[in-house]
There are 2 protein chains.
Amino acid sequence: MTFDVPGAPEAAPRPSRATLRDVAHLAGVSIKTASRVLSGQPNVRDETARRVREAARTLRFRPNRLARDLRSGAVSTAVGFVIGDLSNPFYTQIAAGAERLLREHGLELFIATSDEDPERERRVTLTMLERRVRALFVVPVADEHAYLVPEQQLGTPMVFIDRPAVDVAADSIVLDNRRAVREATERLIALGHRRIGLLADRTGVWTASERVAGFADAMRAVGTADWQRWVHRAHDVGTARSVATELLAGPDAPTALFALNNRITAGVIDALAGAPDPPAILGFDDFEFAPTLGISVIAHDPVDLGRRAAETALDRLGGRTGMPQQIVLPTRFIPRGSGERPPREHGS
Amino acid sequence: MTFDVPGAPEAAPRPSRATLRDVAHLAGVSIKTASRVLSGQPNVRDETARRVREAARTLRFRPNRLARDLRSGAVSTAVGFVIGDLSNPFYTQIAAGAERLLREHGLELFIATSDEDPERERRVTLTMLERRVRALFVVPVADEHAYLVPEQQLGTPMVFIDRPAVDVAADSIVLDNRRAVREATERLIALGHRRIGLLADRTGVWTASERVAGFADAMRAVGTADWQRWVHRAHDVGTARSVATELLAGPDAPTALFALNNRITAGVIDALAGAPDPPAILGFDDFEFAPTLGISVIAHDPVDLGRRAAETALDRLGGRTGMPQQIVLPTRFIPRGSGERPPREHGS
DNA sequence: CTGAAAGCGCTTACAG
DNA sequence: CTGAAAGCGCTTACAG
């Protein structure tokens with residue numbers, strides 16, 4: 001359905017945009033004085049300021065930040081945020097956490113998506129730097145970031161989130177993936193589970209490797225040498241669903257399924273909906289309906305990841321120097337039926 | 001946990017950033033020739049181009065977009081996107097849909113959040129315009145946008161999403177809220193429900209009013225004059241939970257609950273988890289676990305909302321003039337247990 | 001194929 | 001308290 005809004009005006013002739021020069025002219029002052037008034041600098045007579053403001057209003061003057069930022073140091077008040085995908089809440093909640101803190105410091109967010117593609121990540125990151133963002137946040141997919149070294153040396157603070165920086169000495173904020181998965185696996189083992197199907201993201205994904213390592217730690221500790229046969233790969237809801245379905249239909253079906261991220265957990269839940277004798281399910285990443293669905297999760301707060309990243313960048317902008325830091329945020333195990341509700345941005 | 005990364009270098013002395021002038025100088029050409037090479041213009045001898053590119057590489061030259069955009073029309077390749085909240089997937093999926101299309105046209109996304117606050121919405125919108133964004137997308141909370149009129153007359157395409165523009169004649173993309181809720185209510189009535197508890201967002205929210213109107217249409221059609229007594233208000237998961245709990249405990253408890261957005265649906269689900277004799281639940285907005293939880297939904301695709309908005313803006317940028325349009329996207333009713341899976345960005 | 005000049009719209013540094 | 005000049009780093013328009 002498409003229809004015209006009744007009574008809407010014809011496209012008006014386009015007046016051109018008023019500049020500071022126009023305002024100054026109309027107010028009968030120099031361009032510098034107009035600049036003073038409109039950017040809140042002192043030392044202008046009240047009457048003069050009033051005239052300038054009125055001229056600005058009359059002309060509907062809006063300053064040009066491009067020009068302003070260019071002149072004053074070629075650094076804008078924008079910060080760049082590179083994430084994998086805007087439709088994945090994990091990423092956007094990180095951005096939300098960072099944004100909240102940044103805007104208290106007068107900074108704005110420029111978000112670009114890498115589509116989980118290393119080459120595109122590189123391209124959009126460089127574009128952000130061309131805009132002279134004041135700081136850069138990356139939830140990296142690529143593991144090659146040497147191209148950022150010169151930019152970093154030029155003083156742009158960079159913070160890597162969820163996965164550490166590899167070949168650039170930048171600050172990073174990560175979760176304690178390995179420990180979390182080791183301890184959760186130990187719980188499953190303590191409950192008597194031995195056939196634990198692990199569904200991990202693709203090899204090469206740093207968080208997946210860390211989490212699998214935690215699983216290996218726990219399995220080896222109880223003498224399970226062939227732990228690798230329990231490790232399966234999935235990357236999205238669809239593949240996770242198929243893998244889970246196959247696993248349960250096969251011989252030697254697992255008594256527990258451990259999904260290593262929220263997308264995989266969703267697939268597993270899908271596969272098991274209405275199954276007669278469902279295995280225990282454990283998921284890395286908390287999600288809203290976990291309590292309702294009776295699923296144990298390893299919980300953490302993406303918003304907090306973002307907030308910590310912003311803190312780190314603000315620190316650097318504030319002049320803190322020294323070695324890059326890696327901050328490791330703890331996760332929390334929430335067993336099913338615990339009734340515990342972790343704090344969330346929305347609701348609960 | 002916080003620790004220093006071992007072996008990280010001391011903060012290096014900051015070299016200053018190379019400009020086009022530096023590159024030209026090193027390559028022994030004029031600044032204009034360097035510009036030609038690096039911005040891909042023709043008419044440069046191969047050998048000259050090679051020298052320039054090498055100089056650029058040596059100096060790690062990165063063009064300054066602020067300067068480029070300022071010179072060439074003072075319009076950047078960024079588009080502005082104002083949403084209520086980065087941690088609400090409904091908004092970010094809209095942004096995802098728009099971004100995908102826009103980037104095919106070489107445009108980048110600048111996202112700002114209004115925090116659902118009209119005054120803040122106004123402020124961030126104006127800041128975007130100061131950055132001379134090429135187009136502006138707004139999922140509005142305010143219902144006063146007259147201040148955008150001059151900007152629009154200056155030729156910045158604006159598209160309102162999910163809620164129409166009120167006092168500025170801009171294009172908009174909305175859902176068929178009223179019809180969708182009327183028809184869904186009719187279904188409930190056909191199933192024999194008469195005591196239908198409606199949980200709507202705050203009065204003043206345009207989508208809420210439309211949806212309530214649809215409910216009224218259906219209730220009046222079957223002679224229910226006192227339909228208003230079934231309308232309750234909630235704004236987030238928490239309030240929706242309390243309202244739902246109260247409703248069910250009260251006398252004359254509803255046999256069906258109709259939640260008018262995804263946040264409210266989540267609250268209702270929460271309230272009903274484990275209830276002995278739960279009412280039917282119907283929710284506006286689709287969500288991933290609706291099939292698993294056995295909930296009927298009014299489905300639509302936020303990604304598509306964003307895509308259509310981007311199409312509209314690109315059209316305007318391409319020179320289409322004429323009256324602003326309001327595009328109404330249809331929704332789909334998905335009954336519980338239908339097994340139907342709507343297409344989603346992630347998974348399924 | 002190449003370059004010198006002017007200018008985008010502001011702010012900085014300096015002078016009065 | 002106010003202003004004329006210079007310049008941020010590029011590209012446009014023009015000339016050769």
Side-chain angles (χ1 to χ4, degrees), chain A residues 15-53 55-56 59-78 127 129-134 154-155, chain B residues 15-53 55-56 59-78 127 129-134 154-155:
Chain A
S16 68
R17 221 180 273 276
T19 69
L20 199 53
R21 200 160 160 279
D22 302 324
V23 174
H25 190 79
L26 180 59
V29 299
S30 78
I31 183 177
K32 176 56 193 151
T33 296
S35 169
R36 277 199 188 87
V37 175
L38 298 175
S39 58
Q41 285 172 59
N43 295 335
V44 181
R45 199 153 47 105
D46 279 1
E47 163 58 16
T48 311
R50 209 191 46 68
R51 280 216 317 280
V52 169
R53 266 190 279 269
L59 299 174
R60 305 182 191 290
F61 172 74
R62 298 256 94 226
N64 184 328
R65 290 229 179 193
L66 266 42
R68 176 180 289 177
D69 290 345
L70 175 61
R71 186 58 187 93
S72 44
V75 169
S76 80
T77 56
T127 301
L129 292 166
E130 290 180 6
R131 288 192 190 288
R132 299 295 186 263
V133 290
R134 188 167 297 186
L154 287 168
Chain B
S16 69
R17 220 180 274 273
T19 68
L20 199 53
R21 200 161 161 279
D22 301 325
V23 174
H25 190 79
L26 180 59
V29 298
S30 78
I31 184 178
K32 176 54 193 153
T33 297
S35 167
R36 278 200 187 87
V37 175
L38 298 176
S39 57
Q41 285 172 58
N43 295 335
V44 181
R45 199 153 46 105
D46 279 1
E47 163 58 14
T48 311
R50 211 192 43 69
R51 281 217 317 281
V52 169
R53 266 190 280 269
L59 298 175
R60 304 181 193 290
F61 171 75
R62 298 258 94 225
N64 184 327
R65 291 230 178 190
L66 265 43
R68 175 180 291 179
D69 290 346
L70 174 61
R71 186 57 188 94
S72 43
V75 169
S76 80
T77 56
T127 302
L129 292 167
E130 290 180 8
R131 288 192 189 289
R132 298 296 186 262
V133 290
R134 188 167 299 187
L154 288 168

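Residue numbers begin at 1 in each chain, while the letters A, B, ... track the order of the sequences. All values reported here derive from a predicted model rather than from experimental measurement. Side chains included, hydrogens not; waters and symmetry mates left out as well; all remaining heavy atoms used.
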Quiz prompt | B:Arg65 and A:Thr127: CA distance, side-chain angles, deciding distance, side-chain contact (heavy atoms from CB on, under 4.5 Å) verdict | solution = CA-CA 8 Å; B:Arg65 291 230 178 190; A:Thr127 301; 3.6 Å; yes
Quiz item: Do B:Thr77 and A:Arg131 have side-chain N/O donor and acceptor atoms under 3.5 Å apart?
Solution: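 Yes, A:Arg131 and B:Thr77 have a side-chain donor paired with an acceptor closer than 3.5 Å.
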Exercise. Go ahead and write out DNA chain D as dot-bracket, 5' to 3': ( ) for pairs within the strand, [ ] for ones crossing earlier pairs, | when the partner sits on another strand, dots for unpaired; Watson-Crick or G-U wobble, both distances under 3.5 Å.
Key: |||.||||||||.|||
As a test of reading the structure: which of [options] is closest to the side chain of [X], going by heavy atoms?
| X | options | value |
| --- | --- | --- |
| B:Ala67 | C:dG3, C:dC10, D:dC10 | D:dC10 |
| A:Ser30 | D:dG3, C:dT2, D:dC1 | D:dG3 |
| A:Arg45 | D:dT11, D:dT2, C:dC10 | D:dT2 |
| A:Ser39 | D:dG3, C:dT11, C:dG3 | C:dT11 |
| B:Thr48 | C:dT12, D:dT2, C:dC1 | C:dC1 |

Rounded distance (nearest 0.5 Å) linking atom [atom1] of [X] with atom [atom2] of [Y]:
| X | Y | atom1 | atom2 | value |
| --- | --- | --- | --- | --- |
| B:Leu129 | A:Asn64 | CG | CG | 11.5 Å |
| A:Arg21 | A:His25 | CZ | NE2 | 8.5 Å |
| B:Thr48 | B:Arg50 | OG1 | CZ | 9.5 Å |

Has [X] got a side-chain N or O lying under 4.0 Å from the OP1 or OP2 atom of [N]?
| X | N | answer |
| --- | --- | --- |
| A:Asn64 | C:dG9 | no |
| A:Thr33 | D:dG3 | yes |
| B:Ser35 | D:dT11 | yes |
| B:Ser72 | D:dC10 | no |
| A:Thr19 | C:dG9 | no |

Quiz item: Within the modelled atom types, does a donor on one side and an acceptor on the other bring the side chain of B:Arg36 and the base of C:dG3 under 3.5 Å apart?
Solution: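 Looking at the base of C:dG3, it does pair with a donor or acceptor on the side chain of B:Arg36 (distance under 3.5 Å).
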[N] [atom2] sits how many Å from [X] [atom1], rounded?
| X | N | atom1 | atom2 | answer |
| --- | --- | --- | --- | --- |
| B:Lys32 | D:dG9 | NZ | P | 18 Å |
| A:Arg68 | C:dC8 | CZ | C1' | 16 Å |
| A:Leu20 | C:dT12 | CG | C1' | 14 Å |
| A:Leu70 | D:dG9 | CG | P | 7 Å |
| A:Arg71 | D:dG7 | CZ | C1' | 5 Å |
| B:Leu66 | D:dG9 | CG | P | 11 Å |
| B:Leu38 | D:dC10 | CG | C1' | 11 Å |
| A:Asp69 | C:dT11 | CG | P | 10 Å |

Quiz prompt | Contact summary for A:Val52 and A:Ala34, nearest pair of heavy atoms | solution =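 Looks like CG1-CA, 3.9 Å.
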Exercise. Considering non-hydrogen atoms only, spot the tightest contact between B:Thr19 and B:Phe61 and give its length.
Key: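 Looking at all heavy atoms of both residues, the shortest contact is C-CE1, 3.5 Å.
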Quiz item: If you look at every strand shown and take non-hydrogen atoms under 4.0 Å, does B:Arg65 touch a base, only sugar-phosphate, or nothing?
Solution: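 Nothing, no heavy atom under 4.0 Å.
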Quiz item: Checking B:Arg62 side chain against A:Glu130 main chain: does a donor-acceptor pair fall under 3.5 Å?
Solution: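 Checked: no pair found.
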